[in-house]
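Here the structure comes first, spelled out in structure tokens, and everything after it is commentary.
Within every chain, numbering begins at 1; the chains are lettered A, B, ... in the order of the sequence lines, protein sequences first and strands thereafter. Quantities reported herein were computed from a predicted structural model and do not represent experimental measurements.
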Amino acid sequence: MAEYNFNDIEKKWQTYWKQNATFKTSTSTDKPKFYSLDMFPYPSGAGLHVGHPLGYIASDIVSRYKRNKGFNVLHPMGFDAFGLPAEQYAIQTGQHPAITTENNISTYKKQLDNLGFSFDWDREIRTCEAEYYKWTQWIFIQLFNSWYNNESNKAENISTLVAVFEQKGSAGANAHTDYEGSFTASEWNAYSEEEKQALLLNYRLAFLAETSVNWCPALGTVLANEEVKDGVSERGGYPVEKKKMQQWSLRITAYADRLLNDLEALDWSDSVKEMQRNWIGKSVGSTLRFQLEKFDDIIEVFTTRPDTVFGVTFVTLAPEHPLVAKITTDEQKEAVDKYVLWAKNRSERDRISDTEKTGEFTGAYVINPFTKTLVPVWTSDYVLAGYGTGAVMAVPSSDVRDFEFATKFNLPIIQVYEGEFSDISKENFEAKTGKVINSEFLNGLETKEAIHLAIQKIEELGVGKGKVNFRIRDAIFSRQRYWGEPIPVYYKNNLPYVIEESELPLTLPEIDAYQPTETGEPPLGRAKDWLYQNKYGYELSTMPGWAGSSWYFLRYMDSKNDGSFVSKEAQNYWQEVDLYIGGAEHATGHLLYSRFWNKFLFDLGLVSNIEPFKKLVNQGMIQGVSEIIYLITDYTEIDGVAPLSIIKQYFNFEENGNVRLVFLEKEFVTKNKLEKHTSTIHIPIEFVDSVSHNLNLKEYINSEIGKTNIQGGYLFLNENGYLFKGKFSDESFTFYCSPLVEKMSKSKYNVVNPDNIVAKYGADTLRMYEMFLGPLEQFKPWNTNSIDGVARFLRRVWRLFYNDNNEFIVSEEAPSKEELKHLHKTIKKVEEDIERLSFNTSVSTFMVLVNELTNLKCSKRAILEPFLVILSPYAPHITEELWSKLGHTESISKAVFPAFNEEYLVESDFEYPVSINGKVRHKLNLPLSLSQEEIQKEALSTEQVTKWMEGKTPKKVIIVPGKIINIVI
RNA sequence: GCGGGUGUGGCGAAAUUGGUAGACGCACUAGACUUAGGAUCUAGCGCUGCGAGGCAUGGGGGUUCGAGUCCCUCCACCCGCACCA
């Protein structure tokens with residue numbers, strides 16, 4: 001009997017594609033373009049697991065579809081090759097990260113090729129290669145040479161700023177800067193070169209500044225806010241602390257407004273857009289200055305609710321606020337010092353998790369500029385140093401946190417909105433409605449007008465002004481690591497200068513070890529004879545992992561260009577990414593930085609689009625199914641009873657050596673009770689039957705891992721309480737593991753390797769199956785069992801073309817009307833499904849078609865051909881014989897997706913469901929081409945229908961063409 | 001706490017603008033062919049009922065001739081952010 005031999009087919013076509021450069025992207029610009037991009041992977045040592053290709057399969061289907069639809073498709077792949085794991089490995093083993101990376105990449109490429117992707121490998125890029133990072137460095141230099149002009153609302157060359165300073169001084173420019181000083185034109189012109197350079201650093205988009213950074217001692221580097229999650233590093237999960245350091249940063253805050261506003265038009269998921277909005281964190285309000293009672297100093301606060309200023313009963317400073325030490329009275333000094341020290345040493349984690357308010361009175365008072373009353377100044381770490389001014393005006397009647405603080409420390413509360421205040425509830429605080437009271441000129445107003453009027457008054461009085469605040473911080477750009485792009489900067493008289501563009505790339509020097517130097521400098525401090533023009537020391541930190549990935553989508557457009565990061569022509573043609581598929585974990589990192597860099601390059605006139613990614617789809621993770629057992633490891637007593645006696649009490653020891661959990665009347669051995677004495681063990685999935693979760697004990701206990709994890713004599717159990725006891729003498733005993741769906745990872749022994757699946761079922765089965773699993777964006781566990789259905793289907797498809805004697809059997813007969821009807825119905829649906837990225841339903845539709853045609857014993861089965869081109873890269877090319885026999889003259893890769901032809905559908909009869917009063921009871925065969933009136937006439941005149949209506953006259957007849965006839969009586 | 005999302009058979013799911021709920025697949029059941037079956041084919045498969053029928057899309061209510069889909073309300077779960085003034 002003939003067999004679907006996917007191995008031969010796949011090998012053959014992989015060779016064919018390679019030899020014929022089938023998927024090489026055309027450089028001609030006469031066709032419409034489609035840019036379909038996957039987030040390029042970091043090549044980790046573990047290789048691919050079945051979750052990785054999910055998004056690649058989807059984008060590959062779209063790419064093949066678009067090619068067949070006549071688009072010139074750019075569908076490239078590359079590697080995000082700088083990164084921590086390779087460097088950590090280097091620190092441990094001394095192996096150069098470049099070698100580790102190279103090895104991993106070749107594994108990845110082999111695995112990807114096995115899956116039959118239509119990537120154009122000619123355009124492959126690796127961020128760690130000098131030809132690539134030359135341009136990453138070049139973009140850094142452009143950032144260094146630019147400032148942000150708030151007037152024109154774009155980045156400009158620093159020379160335009162210098163020109164303004166020469167003419168008008170600092171007041172002449174509306175630049176985005178944190179610098180608060182000012183200078184006149186003549187002062188500027190009198191400054192030395194060094195002084196000018198130092199001042200300009202306050203304006204450059206890539207700048208060096210002393211800032212509070214996230215320092216990760218375990219990794220020995222600083223991290224950007226986006227790389228810290230819950231107070232620990234995103235990579236590795238090491239603790240992170242705040243530290244003041246001199247660091248390179250990128251002025252992403254200058255773009256905050258544009259990054260926020262331009263989200264609107266993007267075809268991205270609401271959740272990612274919302275995450276970016278929250279991350280940018282725009283809030284509109286006002287600053288307000290409070291004069292200190294006994295000092296000249298003022299405390300400036302930021303508030304979104306200036307309408308509540310009459311309700312201010314205290315002012316709170318962050319413990320790090322510079323005024324805290326100065327204004328604290330002698331009586332309070334000891335307590336405040338103690339508090340500040342305590343707050344400083346409290347970890348980020350503790351601070352987040354403790355909701356109990358803490359704080360201390362400084363002894364100082366400020367004057368409320370509106371009421372002229374004195375209010376006390378407190379310090380508390382519920383006020384963040386890094387946001388706004390690091391000080392807040394507290395209105396306990398309108399803010400939950402202020403309320404909690406006031407209640408705890410017995411501070412007064414003044415109500416400024418009407419309503420029963422005794423009824424303190426969240427709703428009271430959240431409601432921005434109601435009328436203002438106790439607030440002089442604001443009384444009786446609604447919130448919105450009150451805020452407006454309050455800001456007006458604040459500005460009139462000169463005690464503050466309307467202001468917009470952002471949560472987003474400038475992005476820290478230095479990493480004290482080796483395996484990254486060197487920052488193209490050298491130092492002269494302690495001031496940073498970028499190197500000449502003509503001297504790029506600044507290549508990563510060889511060093512003898514990958515640790516920091518003895519003097520605490522980054523690893524690059526070990527490089528010998530590494531000086532700019534033999535004189536000046538280079539910057540020793542490198543760029544962060546996200547530098548190379550912030551612009552790679554542009555490089556693919558013109559990946560070999562040595563004279564420019566991308567040519568004008570290529571950029572103009574490819575414009576932006578039409579479809580970008582990747583994980584949602586990059587929502588506030590990569591996706592934000594890429595938008596920032598793209599906008600910057602747009603300002604410079606180097607790219608033609610304000611946004612890099614038109615449509616974004618986040619594929620869901622494919623999870624693994626872990627197999628768990630619980631091993632009883634701790635034989636100490638529980639509640640005065642040794643576990644063994646507990647176990648004997650609650651379990652029946654059966655004759656065959658098994659132990660069965662027995663539930664007693666009230667109290668049984670609760671899982672919790674035993675859990676304290678157990679440890680969770682992951683059994684590698686190859687020892688467990690995926691359907692029954694039956695552990696192959698013999699193989700497991702004889703394996704290395706089994707020997708290490710459980711030694712004879714131990715007791716172990718699964719969730720249901722089945723125990724296994726003893727020396728494993730009876731190895732045929734069945735033991736059920738507890739399945740657990742979780743992230744696939746090496747350490748959980750639940751990784752499914754695509755290579756194994758391809759070897760057993762073929763790449764097509766894997767691809768179709770992954771699409772069939774469920775909606776692309778959903779998280780779903782891998783289920784090896786149901787892959788058989790897809791494998792079976794593909795075998796059936798193959799058999800449509802071959803008889804039992806392995807002879808090729810495609811009839812030349814013209815397809816019947818019935819066949820064409822099925823075909824065109826399917827074309828329409830598959831086309832719609834792919835366009836809306838619903839791959840699971842398009843696979844299903846296709847399966848239905850094959851089932852129908854099989855049942856019809858159809859003659860011209862080869863009409864299936866076009867679909868196979870899209871859904872499955874190998875199957876259509878079962879033989880070249882098939883291809884030519886079908887009358888195709890052009891090459892397989894140029895096969896065109898057939899157009900949907902409505903005629904075939906209209907001709908045939910349609911079975912209308914007929915509902916009486918909304919309940920479907922009957923069916924009526926009518927031609928689909930009838931008009932509404934004709935259908936109505938037919939429906940009412942039919943004898944049958946009259947009978948159904950029981951002689952009643954219809955009140956209404958509702959007809960949905962092609963769908964339903966509803967008669968209301 | 002704030003924001004986003006999800007809830008449909010034993011399981012993964014489908015139903016695109018409100019129009020025959022459960023397509024397609026897994027698992028399961030019966031049968032055929034077979035020395036054999038982890039191959040293939042045929043039929044069945046939401047619950048309930050002998051049946052006609054009745055009941056079913058997390059719970060409750062509403063709009064409509066008609067609701068998985070729209071509105072109100074409650075519940076459960078997942079994800080992100082989190083003392084952002």
Side-chain angles (χ1 to χ4, degrees), chain A residues 1 3 229-230 269-279 281-283 285 301-305 308 316 318 351-357 380-384 386-395 398-402 404-405 426 429-430 469-472 584-585 587-588 618 620 691 768-769 772-775 777-781 783-790 792-793 795-796 799 829 832-833 835-836 838 840-848 850-851 854 911-923 954-960 962-969:
Chain A
M1 183 146 164
E3 275 207 21
K229 301 263 145 90
D230 295 328
S269 72
D270 289 338
S271 68
V272 171
K273 283 205 221 177
E274 201 54 34
M275 274 157 86
Q276 291 212 348
R277 280 190 201 108
N278 289 341
W279 189 262
K282 179 177 183 168
S283 47
V301 303
F302 173 76
T303 177
T304 55
R305 297 297 301 276
T308 62
T316 315
R351 206 182 59 74
I352 290 165
S353 56
D354 290 356
T355 43
E356 180 76 1
K357 294 278 176 293
S380 168
D381 70 354
Y382 85 86
V383 176
L384 304 174
Y387 183 77
T389 58
V392 302
M393 59 176 226
V395 187
S398 295
D399 184 282
V400 203
R401 296 150 304 176
D402 297 342
E404 285 168 3
F405 196 82
K426 282 162 244 153
F429 293 114
E430 278 161 17
N469 230 328
F470 290 94
R471 203 187 76 106
I472 192 172
E585 67 272 18
T588 51
N618 303 115
V691 179
M768 271 188 109
Y769 173 65
F772 188 68
L773 257 179
E777 305 201 53
Q778 213 159 76
F779 278 53
K780 53 227 156 185
N783 182 350
T784 305
N785 312 331
S786 53
I787 199 170
D788 286 327
V790 175
R792 223 171 278 164
F793 168 77
R795 270 199 298 268
R796 211 158 59 231
R799 236 176 283 118
K829 182 137 181 8
E832 284 165 1
D833 286 344
E835 290 283 358
R836 69 189 172 106
S838 176
N840 53 332
T841 55
S842 73
V843 173
S844 297
T845 308
F846 181 50
M847 286 180 169
V848 173
V850 171
N851 288 345
T854 312
E911 195 175 59
Y912 274 91
V914 180
S915 73
I916 314 268
N917 282 347
K919 207 86 182 162
V920 175
R921 294 268 192 265
H922 315 290
K923 274 161 189 177
K955 275 193 209 143
K956 207 167 24 164
V957 178
I958 300 155
I959 295 157
V960 184
K963 284 194 173 162
I964 196 164
I965 301 170
N966 185 52
I967 300 170
V968 185
I969 34 180

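No side-chain donor from either of A:Ser283 and A:Asn469 sits under 3.5 Å from a side-chain acceptor of the other.
Distance NZ/A:Lys780 to CG/A:Leu773: 6.0 Å, rounded to 0.5 Å. Interatomic distance, A:Asn840 CG to A:Met768 CE, rounded to the nearest 0.5 Å: 12.0 Å.
Side-chain N/O atoms of A:Arg792 include one lying less than 4.0 angstrom from OP1 or OP2 on B:C26. OP1 or OP2 of B:A85 sits under 4.0 Å from a side-chain N or O of A:Tyr387. For B:G25, one of the phosphate oxygens OP1 or OP2 lies less than 4.0 angstrom from a side-chain nitrogen or oxygen of A:Asn851.
Using a 4.5 Å heavy-atom cutoff, the side chains of A:Ile965 and A:Ile958 are not in contact. The side-chain heavy atoms of A:Asn966 and A:Val957, taken from C-beta on, include no pair separated by under 4.5 Å.
Side-chain N or O atoms of A:Thr841 include one that pairs as donor or acceptor with a backbone N or O of A:Ser838 at under 3.5 Å. Side-chain atoms of A:Tyr382 do not come within 3.5 Å of backbone N or O of A:Ala318 as any donor-acceptor pair.
Closest to the side chain of A:Phe772, from the set B:G12, B:A82, B:G80, is B:G12.
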Inset, instruction - Convert the base pairs of RNA chain B into dot-bracket notation, remembering that pairs crossing earlier ones are written with [ ] and that bases paired across to another strand are shown as |; include only Watson-Crick or G-U pairs under 3.5 Å. - result: (((((((..(((......[....))).(((((.......))))).(((....)))..(((((..]....))))))))))))....
Legend entry - Per-nucleotide protein contact string for nucleotides 14-20 of chain B, where B marks a base within reach and S marks sugar-phosphate only (heavy atoms under 4.0 Å, - for neither): SSBB-BB
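Toward the 5' end of RNA chain B, the nearer of the two residues A:Arg796 and A:Ser283, judged by each one's closest nucleotide, is A:Arg796.
For A:Ile959 and B:C65, the CD1 to C1' distance is 14 Å, given to the nearest whole Å.
Taking atom C1' in both B:A21 and B:U57, one finds a spacing of 7 Å when rounded to whole Å.
The residue A:Leu384 sits close to a base: some heavy atom pair falls under 4.0 Å. Heavy atoms of A:Asn783 sit nowhere under 4.0 angstrom from any nucleic acid atom. Residue-level contact check: A:Val383 touches the bases, meaning some heavy atom is under 4.0 Å from a base atom. A:Ser844 comes within contact range of at least one nucleobase, with a heavy-atom separation under 4.0 Å. Among the heavy atoms of the strands lying under 4.0 Å from A:Arg795 are primed sugar atoms or P, OP1, OP2 only; no base atom is included. Heavy atoms of A:Lys357 sit under 4.0 angstrom from at least one base atom. A:Asp788 comes within 4.0 angstrom of nothing in the nucleic acid, heavy atoms only.
B:G60 has its base anti relative to the sugar, with a glycosidic angle deviating from 0 by more than 90°.
Here A:Lys829 does not pair with A:Glu832 in a salt bridge; the nearest charged N to carboxylate O distance is not below 4.0 Å.
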